[in-house]
A.B. asks: 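Before anything else, here's the structure in question.
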Number of protein chains: 2
Amino acid sequence: MSQVQSQRMASMCDSARSHVDDLLVLLSKSKMLNILYVMNCDPTPLRFSEIKKRVNSSSTTVARRLGELEVHGLVTRTAYATVPATVEYTLTQDAVALQPSLESMFEWVLNRADSSV
Amino acid sequence: MSQVQSQRMASMCDSARSHVDDLLVLLSKSKMLNILYVMNCDPTPLRFSEIKKRVNSSSTTVARRLGELEVHGLVTRTAYATVPATVEYTLTQDAVALQPSLESMFEWVLNRADSSV
DNA sequence: TTCTTTTGTAACAATGTTGTAACCTGTTCC
DNA sequence: GGAACAGGTTACAACATTGTTACAAAAGAA
């Protein structure tokens, strides 16, 4: 955002507000909810290629999203020195705490999708 | 299963899948979760300018988001012939069904924001 | 030696999204 | 007549994001 905001929102701490916004921006990135969804549905560690296949996106985007999730402490990346390389992703404790909300959100989404077909 | 049957099921799955994706794309648009958040926090009908102020975005974006929400049946727009014009937005029943998930998601977001400050 | 595989990264053109500025409607007040 | 207000819309330049293509590393198979 190019504009400098000097507004005073009376009741809320600005720095907390920006952290909340950061997280909402993170969750709003393309394929982010999809990735969390497939990782939520399948509690086993998932490989890069498997995630990519399930969310139906390019390597670039999947790599970017997983990187962002790792930076924010929502997924753990584990690389094994196999040939060819094997990398597994799992949700962290923090992300698991988000699971119930996501699950009921996805349920709502599925219900809507059903009734609008 | 016959070929015709499996084709029909495949296409049903596809269309359901695309509806799910539509909704995820909708929810992933910028400021969308913010708008749902402020409308969730304040159960009274909210005016355009009030929403705009609370999510801190441009008229263009807020109008676009509210329009999309209306098209998807998540908000109701009510215009009153006052001078100057008054327009109120409220969540629909459908959106209210999403509230619990959103609320616990926002709680999670706030908790994370707190601990990362 | 060259091919294959997985898991990425780099560069870049195409595409999508955003805010800004200007404008519009309709009515009341001066 | 002109200003002021809420609630937008439109055009467009600036900015952000995406997919594609090319590439790499490491080692076993052919």
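Here is how names work: the chains are called A, B, and so on, in the same order as the sequence lines, proteins then strands, and each is numbered from 1.
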A.B. asks: Which residues pass the ring pair (Phe, Tyr, Trp, His ring centres under 6.0 Å) test with A:Phe106, sequence neighbours left out?
C.D. replies: A:Tyr37
A.B. asks: Using the side-chain contact (heavy atoms from CB on, under 4.5 Å) rule, take A:Leu69 and A:Leu36 through it: C-alpha gap first, then chi angles, then the decisive distance, then the call.
C.D. replies: CA-CA 9 Å; A:Leu69 285 171; A:Leu36 290 173; 4.3 Å; yes
A.B. asks: Is any side-chain heavy atom of B:Asn40 less than 4.5 Å from a side-chain heavy atom of B:Glu103?
C.D. replies: yes
A.B. asks: Sequence neighbours left out, what passes side-chain contact (heavy atoms from CB on, under 4.5 Å) with A:Ala95? Give chain and number order.
C.D. replies: A:Leu74, A:Leu91, A:Thr92
A.B. asks: What pairs with A:Tyr89 under ring pair (Phe, Tyr, Trp, His ring centres under 6.0 Å), at least two apart in sequence or on another chain?
C.D. replies: none
A.B. asks: Do the side chains of B:Asn34 and B:Asn56 get nearer than 4.5 Å, heavy atoms only?
C.D. replies: no
A.B. asks: Under 4.0 Å: is that the gap between some side-chain N or O of A:Tyr89 and OP1 or OP2 of C:dG8?
C.D. replies: yes
A.B. asks: Please identify each residue that fulfils side-chain contact (heavy atoms from CB on, under 4.5 Å) with B:Glu107, with sequence neighbours left out.
C.D. replies: none
A.B. asks: Would you mind reading off the distance between B:Arg65 atom CZ and D:dT9 atom P, rounded to a whole angstrom?
C.D. replies: 13 Å
A.B. asks: Apply side-chain hydrogen bond (donor to acceptor under 3.5 Å, both in side chains) to B:Thr44 and list each qualifying residue two or more places apart in sequence or on a separate chain.
C.D. replies: B:Asp42
A.B. asks: Please give, in whole Å, the distance from C:dT7 C1' to A:Glu88 CD?
C.D. replies: 13 Å
A.B. asks: Among residues 67-82 of chain B, which ones have heavy-atom contacts with DNA chain C below 4.0 Å?
C.D. replies: none
A.B. asks: Starting at CG of A:Asn56 and ending at C1' of D:dG19, how long is that distance when rounded to a whole Å?
C.D. replies: 12 Å
A.B. asks: Rounding to 10 degrees, work out the angle separating the end axes of the helix from C:dT1-D:dA30 to C:dC30-D:dG1 (five pairs an end).
C.D. replies: 30°
A.B. asks: Rounded to the nearest 0.5 Å, what separation is found between the CG atom of B:Leu33 and the OG atom of B:Ser28?
C.D. replies: 7.0 Å
A.B. asks: Scan nucleotides 20-30 of chain D nucleotide by nucleotide, 5' to 3', and note B when protein non-hydrogen atoms come under 4.0 Å of the base, S if they reach only the sugar-phosphate, - if neither.
C.D. replies: B------B---
A.B. asks: Restricting to nitrogen or oxygen on both sides, can you table the protein-nucleotides 22-25 of chain C pairs closer than 3.5 Å?
C.D. replies:
none

A.B. asks: CE of B:Met39 to CD of B:Glu50: how many Å apart, nearest 0.5 Å?
C.D. replies: 11.5 Å
A.B. asks: Go through the structure and list residues passing side-chain contact (heavy atoms from CB on, under 4.5 Å) with B:Pro45, not counting sequence neighbours.
C.D. replies: B:Glu88, B:Thr90
A.B. asks: Taking all non-hydrogen atoms of both residues, which atom of A:Leu98 and which atom of B:Met105 are closest, and how far apart?
C.D. replies: CD1-CG, 3.8 Å
A.B. asks: Is there a side-chain contact (heavy atoms from CB on, under 4.5 Å) between B:Arg77 and B:Leu66 once you walk through the steps?
C.D. replies: CA-CA 9 Å; B:Arg77 179 183 180 281; B:Leu66 287 172; over 6 Å; no
A.B. asks: Should A:Arg112 and B:Asp94 count as side-chain neighbours, where that means a heavy-atom distance under 4.5 Å?
C.D. replies: yes
A.B. asks: Quick one: is D:dT18 close enough that its OP1 or OP2 comes under 4.0 Å of any side-chain N or O from A:Ser30?
C.D. replies: yes
A.B. asks: From the list C:dG19, D:dG8, D:dG19, which nucleotide is the closest neighbour of the side chain of B:Ala63?
C.D. replies: D:dG8
A.B. asks: Could you list by number each residue of residues 31-52 of chain A showing a heavy-atom separation from DNA chain C of less than 4.0 Å, or answer none if no residue does?
C.D. replies: A:Arg47, A:Phe48, A:Ser49
A.B. asks: Starting at CG of A:Leu27, measure out to CG of A:Asp22 and round the result to the nearest 0.5 Å.
C.D. replies: 11.0 Å
A.B. asks: Sequence neighbours excluded, which residues qualify as side-chain contact (heavy atoms from CB on, under 4.5 Å) partners of B:Thr61?
C.D. replies: B:Ser30, B:Lys31, B:Ser57, B:Ser58, B:Arg64, B:Arg65
